[in-house]
Student: 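I have a structure I would like to understand better, so I am pasting it below and will then ask my questions one at a time.
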Amino acid sequence: MNTPVIRPAPAAAPLIDPFGRAISYIRVSVTDRCDFRCVYCMSEDMNFLPKQDLLSLEELDRLCSAFVARGTRKIRITGGEPLVRRGIMTLFRSLSRHLDSGALEELTVTTNGSQLARYAQELADCGVKRINVSLDTLDADRFRAITRWGDLGKVMQGLDAAQAAGLSIKINAVALKGVNDQEFPKLIEWAHGRGMDLTFIEVMPLGDVEAARVDQYLPLNQVRAQLLDQFTLEDSDYQTGGPARYVRVKETSGRLGFITPLTHNFCEGCNRVRVTCTGTLYMCLGQEDAADLRTPLRASESDYLLVEAMERAIARKPKGHDFVIDRQTQQPSVGRHMSVTGG
Ligand code: SAM
Ligand code: SF4
């Protein structure tokens, strides 16, 4: 009998969508819960998922690792507020092995900053280098009004701790008409003065909140035009793999990003998918289509069924979203809140 020739298994192919975009970035929401209730994100009294519906931290690790094996190079942990999930550092610690092996380029987190004073050093120890912190105002009363439950002082302590731990910080601020728009120059000077990047985000029509979206929505092309009265904005080709377009502010030498899903569709270069804390994969933030990964994950100890479900889902990633905010369109474009899919 001839001895069979044993060939090494071919390296698993990256996940490529129908438009030729390689999926190299996943955002993973580890909880839908939060210690804030930001007015553009959540309604005041939210119904959260029963805990048993959530993937365990071990299951989240398995899911992320299956994506890493298929070409994911960047993982962003988000929520809800990711740092309020009990034991969350276990997930960061276990995922950091993919950084050590070189399979993963970046492990990062988007947070409201409320728990950073406690976790910043541990995050840095797990190989996290850059984090996004959401902060829309520097005024304590306005901060309380926007977040309903947040404490600006705690977030500031968190930022101090993160910088002391050597983490690079990008501040994300949602542009809210008539709420924080007068503060933008101050936010720029403050963030850049502390060596942090700053990105403005347009409000997206995700989920019902009490306020009308049309009252919150401030197109960033208007913001940019107003900033030109005070600042020189120089074009920059800086990219983070996310949807922001950056300029360099000459006066502060800092980076300023704009995320403009409504005024400038950012879909063409999209390399991202999102996984919720129940293992639902959304191929696009702005579309309803989704794939259940929890069932195949739990059906077998091998990843075969899971990977098959991932491949089937990526094969129907849409070209882009179709967000609309106007007076006629009263319904949110997408029924789920941002806290479900994660920012
Ligand atoms: N809790 C964390 C935080 O606030 O950074 C992570 C999750 S939060 C859903 C992620 C990002 O989404 C935040 O920067 C938040 O400001 C943004 N966000 C939430 N709802 C939004 C909406 N309707 N439109 C635009 N951005 C939104
Ligand atoms: Fe919580 Fe972040 Fe949503 Fe604010 S934006 S309610 S901090 S999940």
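Here the structure is a predicted model, which is why all the values come from computation and not from measurement. Count residues from 1 along the sequence. Computation of the quantities below employed the complete heavy-atom set of this structure, encompassing side-chain atoms and omitting hydrogens, waters and symmetry-equivalent molecules. Atoms within a ligand are numbered from 1 in the order they appear, just like the ligands themselves.
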Student: Atoms of ligand 1 less than 4.0 Å from V203 heavy atoms?
Tutor: 24 (N), 25 (C)
Student: Could you list the residues that satisfy salt bridge (Lys or Arg N to Asp or Glu O under 4.0 Å) with R294, not counting sequence neighbours?
Tutor: none
Student: Verify whether one side chain among R97 and S65 offers a donor that lies under 3.5 Å from an acceptor in the other.
Tutor: yes
Student: Which ligand 2 atoms are under 4.0 Å away from a heavy-atom of F36?
Tutor: 6 (S), 7 (S)
Student: Say whether D136, considering both its backbone and side-chain N or O atoms, lies within less than 3.5 Å of an N or O atom on ligand 1.
Tutor: no
Student: Give the numbers and elements of all ligand 1 atoms closer than 4.0 Å to a heavy atom of C41.
Tutor: 19 (C), 20 (N)
Student: According to the interplanar angle, ranging from 0 to 90°, do the rings of F184 and F200 count as parallel (below 30°), tilted (30 to 60°) or perpendicular (above 60°)?
Tutor: tilted
Student: Can you name the atoms of ligand 1, numbered from 1 with element, that are less than 4.0 Å from a heavy atom of T111?
Tutor: 2 (C), 3 (C), 5 (O)
Student: Apply the test side-chain contact (heavy atoms from CB on, under 4.5 Å) to residues V128 and Y119: give CA-CA distance (whole Å), side-chain angles for both, the deciding distance (0.1 Å), then the verdict.
Tutor: CA-CA 11 Å; V128 173; Y119 289 131; over 6 Å; no
Student: Between G79, G80, S29, S134, which one has a non-hydrogen atom sitting closest to atom 5 (O) of ligand 1?
Tutor: S134
Student: Above 12 or not: heavy atoms from other molecules or residues under 6.0 Å from CZ of R316?
Tutor: yes
Student: Could an N or O of ligand 1 be found under 3.5 Å from any N or O of M204, whether backbone or side chain?
Tutor: yes
Student: Could you tell me whether the side chains of T137 and D139 share a donor-acceptor contact shorter than 3.5 Å?
Tutor: no
Student: Quick check: T78 and ligand 1, any N/O pair under 3.5 Å apart?
Tutor: no
Student: Run the contact test for S134 against ligand 2 with a 4.0 Å cut-off on heavy atoms, strictly below, and give the result.
Tutor: no
Student: Any atoms of ligand 2 less than 4.0 Å from a non-hydrogen atom of G80? List them with their elements.
Tutor: 8 (S)
Student: Can you tell me how far the OG1 atom of T78 sits from the CD1 atom of I26, to the nearest 0.5 Å?
Tutor: 12.5 Å
Student: What atoms of ligand 1 come closer than 4.0 angstrom to any heavy atom of E202?
Tutor: 24 (N), 25 (C)
Student: Got an N/O contact under 3.5 Å between T110 and ligand 1?
Tutor: no
Student: May I ask which of N112, N172, V39 has a heavy atom nearer to atom 7 (S) of ligand 2 than the others do?
Tutor: N112
Student: Apply salt bridge (Lys or Arg N to Asp or Glu O under 4.0 Å) to R93 and list each qualifying residue two or more places apart in sequence or on a separate chain.
Tutor: E122
Student: Within less than 4.0 angstrom of ligand 1, does M42 place any heavy atom?
Tutor: no
Student: Considering C34, C38, G79, which one's heavy-atom position lies nearest to atom 4 (Fe) of ligand 2?
Tutor: C38
Student: T276 and Y282: side-chain contact (heavy atoms from CB on, under 4.5 Å), yes or no, with the steps?
Tutor: CA-CA 8 Å; T276 70; Y282 284 97; 3.5 Å; yes
Student: Give the atoms of ligand 1, by number and element, whose distance to some non-hydrogen atom of V174 is under 4.0 Å.
Tutor: 16 (O), 26 (N)
Student: Under 3.5 Å, is there a donor-acceptor pair between the D35 and Q115 side chains?
Tutor: yes
